[in-house]
**Student:** 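Could you have a look at this structure, given as structure tokens, before my questions?
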Amino acid sequence: MQTIDNLNEGVGFAHGKIILIGEHAVVYGHDAIAWPLTASQVKTVARRASLTQIHSALYQGSLMNAPEYLKEFVIKLQAALHLPEISLTITSDLPLGAGLGSSAAIAGSITEACFSLSQQPLSLDDRLKWIHIFETSVHGNPSGVDGMMTSTHSPIVFNKTKGFQTIQTPIKGYLAIAHSQIFGSTKEAVALVARYVQLEGNQSMQTLGRLASQAKLFLTQGNLVGLGHLMTSVQTILKQVGVSHTQVDTMVNDALQAGALGAKLTGGGLGGCVIALFERESDALALCQRWKDKGYSPGWVLHLHHG
Ligand code: MEV
């Protein structure tokens, strides 16, 4: 994956991710099922420069005035890799606050670009370690699912203590994905769930964990209808816990009315993206168009097949 262009330039890439089932519960040690969203990417180009600076849609200027989490991260990477002054140009078509793993993808692509510029090989473990450092300052208590899923190209079952397993499934389904246009902060969502668990106990997380186990079985069996029902049940629980949003609920209802087998938020929630499962691609595309007409965008259709 690592690209060594020349001595003065290093390039790094990462893609987005979708959590099919298991967000939040994965922080509490349960499984999450996730898919790569390779249609959406972050690219970082690192070059030697006279002053360390960042060029991105989020921030333009000298590293010294950059947001604290970014500044700390780049300084640590430079120190570890003995990299002198650099410029980082980050381009991305992955929306922020959408639940699609943008912060993990930004960290992964910066890491890969800096390792490449310093001509050092980057193992998956090292890449995940650096993403974890970034995500810990961005949202406090990352499970690691976003780091893993934005760095690998196969769908996985992820568990923060047991590691990950690649999914083989005969399923042929399509996920319609669209952004509610509400920025969802993963940090706030993770903190909100922590308060909920403290007050109400962790039964909801256990139920989400059970639904993820059932989803694994349905994926192996190719049970698309069962998987859809599980997705909607997960949405009901996430709503109870408090991480949905009225706009997300409306989008979920739109999807179910349009004949989706199931629909839910994906990622941290409090806005962000909604995913809806269909057997036919044309139905998924039709929902994306309907969502777009209502002002939710951009939309993707993800083919779930992975044999
Ligand atoms: C965010 O994409 C997924 C969460 O479960 C947080 C995490 O696992 O780090 C909400």
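Start at 1 and go down the list; that is how both ligands and their atoms are numbered. Note that these values count all heavy atoms, side chains included, but never hydrogens, waters or copies made by symmetry.
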**Student:** May I ask which of Gly272, Gly184, Ala189, Ser143 has a heavy atom nearer to atom 9 (O) of ligand 1 than the others do?
**Tutor:**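 Residue with the shortest heavy-atom distance to the ligand atom: Ser143.
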**Student:** Any chance the side chains of Thr52 and Gln78 put a donor and an acceptor closer than 3.5 Å?
**Tutor:**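 Yes, Gln78 and Thr52 have a side-chain donor paired with an acceptor closer than 3.5 Å.
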**Student:** Is ligand 1 less than 4.0 angstrom away from at least one heavy atom of Lys17?
**Tutor:**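 Under 4.0 Å: yes for Lys17.
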**Student:** Need the ligand 1 atom indices (1-based, order shown) with element for anything under 4.0 Å from a heavy-atom of Ile19.
**Tutor:**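 Listed by number with element: 2 (O), 3 (C).
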**Student:** What atoms of ligand 1 come within less than 4.0 Å of a heavy atom belonging to Val26?
**Tutor:**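 The atoms of ligand 1 under 4.0 Å from a heavy atom of Val26 are 5 (O), 8 (O).
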**Student:** Would you say the side chain of Ser143 lies within less than 4.5 Å of the side chain of Phe158, judging by non-hydrogen atoms?
**Tutor:**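 Of all side-chain heavy-atom pairs linking Ser143 with Phe158, at least one is under 4.5 Å.
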**Student:** Looking at His229 and Leu261, would you say the former's side chain and the latter's main chain have a donor-acceptor pair under 3.5 Å?
**Tutor:**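 Judged by distance alone, no pair lies under 3.5 Å.
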**Student:** Find all atoms of ligand 1 within a distance of less than 4.0 Å from any non-hydrogen atom belonging to Gly268, and give their numbers and elements.
**Tutor:**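 In order of number, 1 (C), 10 (C).
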**Student:** Of the backbone atoms (N, CA, C, O) and the side-chain heavy atoms from C-beta on, which set of His139 has a member under 4.0 Å from an atom of ligand 1: side chain, backbone, both, or neither?
**Tutor:**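 Within the 4.0 Å criterion, His139 contacts ligand 1 through side-chain atoms alone.
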**Student:** Check whether any side-chain N or O of Ser109 sits under 3.5 Å from a backbone N or O of Lys43 as a donor-acceptor pair, and report yes or no.
**Tutor:**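 Absent.
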**Student:** Report the nearest protein non-hydrogen atom to atom 1 (C) of ligand 1: residue, atom name, distance rounded to 0.1 Å.
**Tutor:**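 Checked against all protein heavy atoms, atom 1 (C) of ligand 1 sits closest to Asp146 OD2, 3.6 Å.
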**Student:** So, does His15 use its side chain to make a donor-acceptor pair with the main chain of Met149 at under 3.5 Å?
**Tutor:**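 The answer is yes, because a donor-acceptor pair under 3.5 Å joins these two groups.
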**Student:** Out of all atoms in ligand 1, which are within 4.0 Å of some heavy atom of Gly267? Include the element for each.
**Tutor:**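 The atoms of ligand 1 under 4.0 Å from a heavy atom of Gly267 are 2 (O).
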**Student:** With respect to Asp146, which candidate in Lys17, His132, His139 satisfies the side chain to side chain donor-acceptor pair (under 3.5 Å) definition?
**Tutor:**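 Output: one option passes, namely Lys17.
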**Student:** Indicate the ring-plane relationship of Phe73 and Phe134, choosing parallel, tilted or perpendicular according to the 30° and 60° boundaries.
**Tutor:**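 Phe73 and Phe134: perpendicular rings.
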**Student:** Looking at Val145, which atoms of ligand 1 are within less than 4.0 Å of one of its heavy atoms?
**Tutor:**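 Result: 8 (O).
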**Student:** Give me the residue, atom name and distance of the protein heavy atom closest to atom 4 (C) of ligand 1.
**Tutor:**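 Protein heavy atom at minimum distance: His24 N, 4.0 Å.
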**Student:** Taking both backbone and side-chain atoms of Asn141, is any N or O found less than 3.5 Å from an N or O belonging to ligand 1?
**Tutor:**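 The answer is no, given that Asn141 and ligand 1 share no N or O pair closer than 3.5 Å.
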**Student:** Which of the numbered atoms in ligand 1 are below 4.0 angstrom from a heavy atom of Val27?
**Tutor:**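 That gives atoms 5 (O), 6 (C), 7 (C), 8 (O) of ligand 1.
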**Student:** Evaluate Thr186 for polar contact with ligand 1, using N/O atom pairs at a separation under 3.5 Å.
**Tutor:**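 The answer is no, given that Thr186 and ligand 1 share no N or O pair closer than 3.5 Å.
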**Student:** If you define the side chain from C-beta out and look only at heavy atoms, does anything of Trp300 sit under 4.5 Å from Leu100?
**Tutor:**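 Yes - at least one pair of side-chain heavy atoms lies under 4.5 Å apart.
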**Student:** Side chain of Asp93, backbone of Gln41: donor and acceptor closer than 3.5 Å?
**Tutor:**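 Confirmed, Asp93 side chain pairs with Gln41 backbone.
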